[in-house]
*Asks:* 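Handing you this structure, nothing more for now.
Chain naming here is simple, since letters A, B, ... match the order of the sequence lines and numbering starts at 1 in each. Source: prediction; values computed, not measured.
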2 protein chains.
Amino acid sequence: MTNGTGGKCGLHLVNNQRDCQSCTLPRKCIGADLDQSQSNNITNIIRKRGPFKAGETIFKIEDPFRSIFVIQSGSVKIESSLDDGTPLIHGFYFGSELIGIEAVGDVKYQCDAVVLDTTWVCELPFDKLETLCSQMPLLQHEILELLGKRLRYTNRTIVQGRYLSADRRFLLFLNDLYQRRGCITKDGKRSVLLPMTKGDIAIHLGLRPESLSRALAKLQDEGVIRNHAREIQILGDKRTSLSCLWV
Amino acid sequence: MTNGTGGKCGLHLVNNQRDCQSCTLPRKCIGADLDQSQSNNITNIIRKRGPFKAGETIFKIEDPFRSIFVIQSGSVKIESSLDDGTPLIHGFYFGSELIGIEAVGDVKYQCDAVVLDTTWVCELPFDKLETLCSQMPLLQHEILELLGKRLRYTNRTIVQGRYLSADRRFLLFLNDLYQRRGCITKDGKRSVLLPMTKGDIAIHLGLRPESLSRALAKLQDEGVIRNHAREIQILGDKRTSLSCLWV
DNA sequence: CGTCGGCTTGATACGGCTCAATAGGAGTGG
DNA sequence: CCACTCCTATTGAGCCGTATCAAGCCGACG
């Protein structure tokens, strides 16, 4: 709740071509199923905020929970820490994705939302959203669906990762990332640009940076990926490298 | 959806004395804040099912998602498996707790709900519950709260556990279990009766049964717990053994 | 009685952690 | 422009904890 200029914005900004079926997180924005007048009701309660710059927070631990946010552009990491100070990174979120819903039903946020790139968000005051939900069953259904999906997403990624070795754990992460923000380079290589540091990835995967670095080196040796500074290319055919993880 | 005889039941069956504040899972049943007529609306859509016996399933992977369930008595483990067959146990749930909400917003369940004890549940058809939510903002709020809480609970337990050694990971689990179904023995010892096997606990904690067994032996040697067959006693004072984990 | 599943114990191997050193890049200031 | 610092990333050597493989114990149950 630090930054932000006033203003209104539509919620359907990020309208990419990828199909939503295969995505592990909702790409579709809130309210896509609603008609025009209902959609206007939502537009009336939201407020665009930004730009947040790298390192700034959209919300912080102990801030009172009042809103959820749809990221319009940029990228955000959700982090907290254990009692002993061990940092935890719960996830990374990008354009069209939702942050803050982990706090639904609580009085305060339990995580920091730290911006990685210059980021714009739309703020949705949750009490007003709840009121709208009462009036619009479709919207209510959508919010319940979003919460359920997030529940499954965190469950799957975290639980599953626990049983994998460092390199396969990274591949699982990379696959998810590729589906959410992967692109094809001019020469036809599947590629992911990393907005976060490798150290952040390591923390998120429950590894030491050294271990992740070694895993990356190993995967590159095996010809599965190409490990540039902030870009990972996915080599090898799907069958051998990633499809085993495409649940 | 295997078993079950018809019938109606109230939702407020399990009414224990413990305060709900400190609990990591909702002990309060659905509808506690509602007045009598509203409460009746819920009573009209629920159906008591049981008894399920050990090994039976309340719902199975790929079953169409239609209902969530409040456990009235007994205990249930929620499990699935990875592609390679590695078993996963997402959690254990007991009287007054809710299962099936991980599937909200999906067309089918992704887990099996396997009964450990003889178990009775109340089935809540979710479409009807959603309709009621549209009419009763308090109920809608409660459901959203439950989903949010479950999201935080799974996040906390799993993420946190990842950074702990086998013995501390077990202590975290034991602490949670004690808060949810612990009791004090006649001679004043804090105690937890385990409805699940140690093997199940190991899987849930992401350990091998051998490793868990060694961790238990170690904790008993240190005087932190007493490890009986199906009963764990918590020795030592809170400060040294568990309070460090009481987040 | 014998069998089987749950649980425990032992010996060994391996993967990731720890500590330590080095290299590269971005940003800063002279 | 270079010198300097800070941060990120990598690599090496050794250690520790958990997995693995194997065997034995115990209680439940036919």
*Asks:* Decide yes or no for Phe59(B) and Phe69(B): does some side-chain heavy atom of the first lie under 4.5 Å from some side-chain heavy atom of the second?
*Replies:*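 Side chain of Phe59(B) against side chain of Phe69(B), heavy atoms only: contact under 4.5 Å found.
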*Asks:* Looking at residues at least two apart in the chain, or sitting in another chain, which of them share a side chain to side chain donor-acceptor pair (under 3.5 Å) with Thr157(A)?
*Replies:*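 Here no residue qualifies.
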*Asks:* Of the residues in residues 192-207 of chain B, which ones touch DNA chain C at a heavy-atom distance under 4.0 Å?
*Replies:*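 Hits under 4.0 Å, by residue number: Thr197(B), Lys198(B), Gly199(B).
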*Asks:* With sequence neighbours left out, what residues match Ser81(A) under side chain to side chain donor-acceptor pair (under 3.5 Å)?
*Replies:*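 With sequence neighbours excluded, Ser81(A) shows a side chain to side chain donor-acceptor pair (under 3.5 Å) to no residue whatsoever.
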*Asks:* Within the 4.0 Å heavy-atom criterion, would you say Asp167(A) contacts the bases, only the backbone, or no part of the nucleic acid?
*Replies:*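 Nothing, no heavy atom under 4.0 Å.
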*Asks:* Under 4.0 Å between a side-chain nitrogen and a carboxylate oxygen: does that hold for Arg180(B) and Glu97(B)?
*Replies:*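 The answer is yes: the pair qualifies as a salt bridge.
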*Asks:* Using 0.5 Å steps for rounding, measure from the CG atom of Leu151(A) to the OG1 atom of Thr154(B).
*Replies:*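 Taking CG in Leu151(A) and OG1 in Thr154(B), the distance rounds to 5.0 Å.
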*Asks:* side-chain contact (heavy atoms from CB on, under 4.5 Å) with Thr86(A): which residues, sequence neighbours excluded?
*Replies:*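 For Thr86(A) the side-chain contact (heavy atoms from CB on, under 4.5 Å) partners, ignoring immediate neighbours, are Leu82(A), Asp84(A), Tyr163(B).
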*Asks:* Sub-3.5 Å donor-acceptor pair from the side chain of Gln110(A) to the main-chain atoms of Lys108(A), do we have one?
*Replies:*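 Between the backbone of Lys108(A) and the side chain of Gln110(A) there is a qualifying donor-acceptor contact (under 3.5 Å).
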*Asks:* Filter on side chain to side chain donor-acceptor pair (under 3.5 Å), then keep only pairs touching residues 210-221 of chain B, sequence neighbours left out; what's left?
*Replies:*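 Every pair satisfying side chain to side chain donor-acceptor pair (under 3.5 Å) with a residue in residues 210-221 of chain B: Asp167(B)-Lys218(B).
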*Asks:* For Asp187(B), enumerate each residue passing the side chain to side chain donor-acceptor pair (under 3.5 Å) test, keeping only those at least two apart in sequence or located in another chain.
*Replies:*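 Here the qualifying residues are Thr185(B).
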*Asks:* Quick one: sort the Phe173(A) and Phe92(A) rings into parallel, tilted or perpendicular, breaks at 30° and 60°.
*Replies:*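 Correct class here is perpendicular.
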*Asks:* Can you name the salt bridge (Lys or Arg N to Asp or Glu O under 4.0 Å) partners of Asp200(B), sequence neighbours left out?
*Replies:*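 Asp200(B) satisfies salt bridge (Lys or Arg N to Asp or Glu O under 4.0 Å) with Lys77(B) only.
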*Asks:* Which whole-number value in Å describes the distance from Arg169(B) CZ to dG17(D) P?
*Replies:*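 Distance, rounded to whole Å: 13 Å.
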*Asks:* Can you say whether the rings of Tyr109(B) and Phe65(B) are parallel (under 30°), tilted (30 to 60°) or perpendicular (over 60°)?
*Replies:*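 Judged by the thresholds at 30° and 60°, the geometry between Tyr109(B) and Phe65(B) is perpendicular.
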*Asks:* List the residues meeting side chain to side chain donor-acceptor pair (under 3.5 Å) with Ser75(B), not counting sequence neighbours, and say none if there are none.
*Replies:*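 Result, side chain to side chain donor-acceptor pair (under 3.5 Å) vs Ser75(B): Asp117(B).
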*Asks:* Between Arg169(A) (side chain) and Leu205(A) (backbone), is there a donor-acceptor pair under 3.5 Å?
*Replies:*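 Yes.
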*Asks:* Where the side chain of Arg230(A) is defined as all heavy atoms beyond and including C-beta, which of dT18(D), dT20(D), dA9(D) is the nearest nucleotide?
*Replies:*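 In terms of side-chain proximity for Arg230(A), the closest of dT18(D), dT20(D), dA9(D) is dA9(D).
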*Asks:* Spell out protein contact along nucleotides 24-30 of chain D as letters: B when the base is contacted, S when just the sugar-phosphate is, - when no protein heavy atom is under 4.0 Å; keep the 5' to 3' order.
*Replies:* -------
*Asks:* Is the distance from OP1 or OP2 of dA9(D) to the nearest side-chain N or O of Asn227(A) less than 4.0 Å?
*Replies:*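 Result: no.
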*Asks:* Return one dot-bracket line describing DNA chain D 5' to 3' (Watson-Crick or G-U wobble pairs, both distances under 3.5 Å; ( ) same strand, [ ] crossing, | another strand, . none).
*Replies:* ||||||||||||||||||||||||||||||
*Asks:* Would you jot down, in residue-number order, the residues of residues 209-223 of chain A having a non-hydrogen atom under 4.0 Å from DNA chain D?
*Replies:*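 Heavy-atom cutoff 4.0 Å gives Glu210(A), Ser213(A), Arg214(A), Ala217(A).
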*Asks:* Just by distance, no angles: are the side chains of Gln233(B) and Ser191(B) close enough, under 3.5 Å, to form a donor-acceptor pair?
*Replies:*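 Gln233(B) vs Ser191(B): no donor-acceptor pair found between side chains.
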*Asks:* With heavy atoms of chain B within less than 4.0 Å as the criterion, where does contact along DNA chain C begin and end?
*Replies:*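 Both ends considered, the range comes out as dC7(C) to dA11(C).
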